Amino acid sequence: MVEPPLHRVTLPNGLRVVLAPDSARGASGQAPVVGVSVHYDVGFRSEPEGRTGFAHLFEHLMFQGSESLEKLAHFRHVQGSGGTFNGSTHQDYTDYFQVLPSAALERALFLEADRMRAPKLTEENLRNQVDVVKEEIRLNVLNRPYGGFPWILLPPVLYSTFANAHNGYGDFTDLEQATVDDCAAFFDTFYAPANAVLTIAGDFDVDHATELVHRHFGDVPAREVRSRPSFAEPFPTEQLTGVHTDPHAPLPAIALGHRLPDPVGELDQYLANIVLAAVLTDGDASRLQQRMVYREPLVVDVHAGCGLMGAPLDARDPDTFTLTAIHTPEVEAERVVAAVDAELESIAASGPTAEELSRVTSRWAASLHREHDRVISRTLDLGSAELIHGRAELISELPRRIAEVGADQVAAAAKALTPDARATLRVQPDSNSAGGAA
């Protein structure tokens with residue numbers, strides 16, 4: 001499949017723009033739609049100490065009105081056009097996005113430019129959204145079985161610096177102490193045009209879209225962007241362990257965390273870890289599913305993957321290889337870990353079979369093509385690849401590059417996941433606790 005060429009524009013205020021036209025969608029009878037996203041180079045790792053959860057809180061505030069729009073107007077304008085919208089906060093970026101009929105492209109650009117220029121940062125909006133985020137934490141973490149497992153619970157075991165180890169969802173006390181001045185400083189520091197990537201994908205005309213981008217974003221004031229600090233820290237040189245008691249968990253669980261190669265500077269080695277994770281747990285025929293679910297059995301669920309947020313290539317260095325398993329109380333955690341280590345040692349010694357490589361790379365390629373057929377997925381992946389890797393084209397290259405990963409590369413990846421340089425987190429149920437959140 002030949003990918004349509006990408007077009008790039010950089011505005012005088014520093015805003016980077018990626019245009020990915022696909023007029024074939026409309027010509028083929030599909031609905032003519034367009035995706036618009038803005039990725040800001042700020043995530044959990046950028047928030048200051050004492051302000052855990054601030055990046056996510058600020059994402060909420062960006063929907064509370066802007067220079068020309070009252071609260072909820074953004075929602076009404078997008079939904080009134082027949083579109084959908086949302087935002088999300090990640091380790092290294094925050095994104096805002098919408099998918100609308102192509103005729104509503106200018107409306108989406110106006111909406112994003114207006115809040116890039118001046119969101120409504122008021123005491124009322126702040127206090128309201130602090131309460132909303134606290135309720136979200138109660139729902140998704142505090143009152144849910146395995147809430148925050150492993151993305152909140154594992155980093156404090158594996159990492160030592162605040163940026164990499166802290167809870168990105170936020171501590172209630174930190175959230176409650178946030179001020180409007182904090183919000184204004186955060187906006188001035190991280191929400192400058194030169195710290196963002198605007199992506200437009202779908203059925204649109206490049207020249208017309210470029211003119212609209214200049215019209216709506218061209219007068220957003222330029223602001224200086226400070227250099228992004230390095231969040232690097234040394235690899236662990238010993239086994240790191242932690243225990244978490246979960247009042248809602250029906251069964252014990254375990255998470256293993258390893259440091260990954262740099263996803264930007266060591267991309268081929270990183271991709272080998274993606275293939276390794278798939279060989280271990282992707283599908284019923286995978287190594288650990290066969291061994292730990294069907295043959296022994298040791299676990300009721302097992303999953304391996306690259307990236308704390310559930311998706312590979314979603315963060316810069318440092319990034320994490322995670323393996324999670326839920327097991328019955330009769331099975332000791334040590335038996336689960338021993339089975340994982342045995343399979344890693346086997347792959348390190350002999351590599352995956354040709355059949356395993358073919359199966360997992362075919363599944364990956366099919367999954368990527370299927371995902372990128374959706375305008376919203378393509379828009380978001382283009383934007384994050386441009387921001388993190390400097391190359392939106394990477395998303396089109398991934399199926400080929402994954403298919404080129406060899407057995408020796410996967411063996412090397414498995415050999416690097418040694419027990420003496422990993423974090424082990426055990427989650428144990430607390431049947432005597434009534435549960436509940438603060």
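Source: prediction; values computed, not measured. Heavy-atom basis, side chains included; hydrogens, waters and symmetry copies ignored.
- Between Asp341 and Arg422, at least one side-chain nitrogen of the basic residue sits less than 4.0 Å from a carboxylate oxygen of the acidic one, meeting the salt-bridge criterion.
- Put simply, CD1 on Ile376 and CZ on Arg378 are 12.5 Å apart, with the number rounded to the nearest 0.5 Å.
- Figure legend: Arg259 and Tyr159 shown without cation-pi pairing, the cationic atom not lying both under 6.0 angstrom from the six-membered ring centre and within 45 degrees of its axis.
- To the nearest 0.5 angstrom, Ile274 atom CD1 is 4.5 Å from Leu313 atom CG.
- Summarising the local packing, CZ of Arg223 is surrounded by more than 12 heavy atoms from other residues, nucleotides or ligands at distances under 6.0 Å.
- Ring geometry, Trp151 versus Tyr169: the interplanar angle falls from 30° to 60°, so the pair is classed tilted.
- No donor-acceptor distance shorter than 3.5 angstrom exists from the side chain of Asp95 to the backbone of Gly87, with no hydrogens or angles considered.
- Asp319 places no side-chain N or O within donor-acceptor distance of the main-chain N or O of Asp262, the cut-off being under 3.5 Å.
- For Thr94 (side chain) and Val42 (main-chain N/O), a donor-acceptor pair under 3.5 Å exists by modelled atom type.
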(message) Run the salt bridge (charged side-chain N to carboxylate O under 4.0 Å, His left out) test on Glu106 and Arg215 for me, step by step, so that the C-alpha distance in whole Å, both residues' side-chain angles and the decisive distance to 0.1 Å come before the verdict.
(response) CA-CA 10 Å; Glu106 182 170 11; Arg215 181 187 305 172; 2.8 Å; yes

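- With Asn164 contributing its side chain and Pro155 its backbone, the two residues share no donor-acceptor pair below 3.5 Å.
- Side-chain N/O atoms of Asp114 and Ser68 include a donor and acceptor closer than 3.5 Å.
- How far CG of Leu11 is from CG of Asp219: 10.5 Å, rounded to the nearest 0.5 Å.
- A salt bridge links Asp41 with Arg316; the closest basic N to acidic carboxylate O contact falls under 4.0 Å.
- At least one donor-acceptor pair closer than 3.5 Å links the side chain of Ser384 to the backbone N or O of Leu380.
- Screening residues 191-202 for side chain to side chain donor-acceptor pair (under 3.5 Å), with sequence neighbours left out, gives Tyr96-Tyr191.
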(request) With salt bridge (charged side-chain N to carboxylate O under 4.0 Å, His left out) as the test, would you mind laying out the steps for Arg401 and Glu404 before giving the verdict? (result) CA-CA 5 Å; Arg401 296 188 68 160; Glu404 291 174 350; 5.8 Å; no

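- The backbone N or O of Thr161 lies less than 3.5 Å from a partner atom in the side chain of Glu233, making a donor-acceptor pair.
- Atom OG1 of residue Thr324 and atom CG of residue Leu154 lie 10.0 Å apart, to the nearest 0.5 angstrom.
- Donor-acceptor pairing under 3.5 Å is recorded for the side chains of His90 and Ser88.
- Judged by distance alone, the side chain of Arg16 and the main-chain N or O of Arg8 form no donor-acceptor pair under 3.5 Å.
- Between Ala315 and Gln91 the shortest heavy-atom distance is CB-OE1, 3.5 Å.
- Defined by atom type and a distance below 3.5 Å, a donor-acceptor pair is present between the side-chain atoms of Glu47 and His166.
- The pair Lys415-Glu345 does not meet the salt-bridge criterion, since no charged nitrogen lies less than 4.0 angstrom from a carboxylate oxygen.
- With Glu112 as the fixed residue, the side-chain hydrogen bond (donor to acceptor under 3.5 Å, both in side chains) test singles out one of Gln98, Arg117, His216: Gln98.
- Distance alone, capped at 3.5 Å, is enough to place a donor-acceptor pair between the Asp174 side chain and the Thr52 backbone.
- The two atoms that bring Leu260 and Cys306 nearest to each other are CD1-CB, 3.8 Å, heavy atoms only.
- Of the possible polar contacts, one joining the Glu356 side chain to the Thr353 backbone as a donor-acceptor pair under 3.5 Å is found.
- Open room surrounds CD on Glu224; 12 or fewer heavy atoms of other groups in view lie less than 6.0 Å from it.
- The main-chain N or O of Ser66 is found under 3.5 Å from a side-chain atom of Lys120 such that the two form a donor-acceptor pair.
- In the model, Asp284 has a side-chain atom that pairs as donor or acceptor with a side-chain atom of Tyr294 under 3.5 Å.
- Atom CZ in Arg107 sits 11.0 Å away from atom NE2 in His74 (nearest 0.5 Å).
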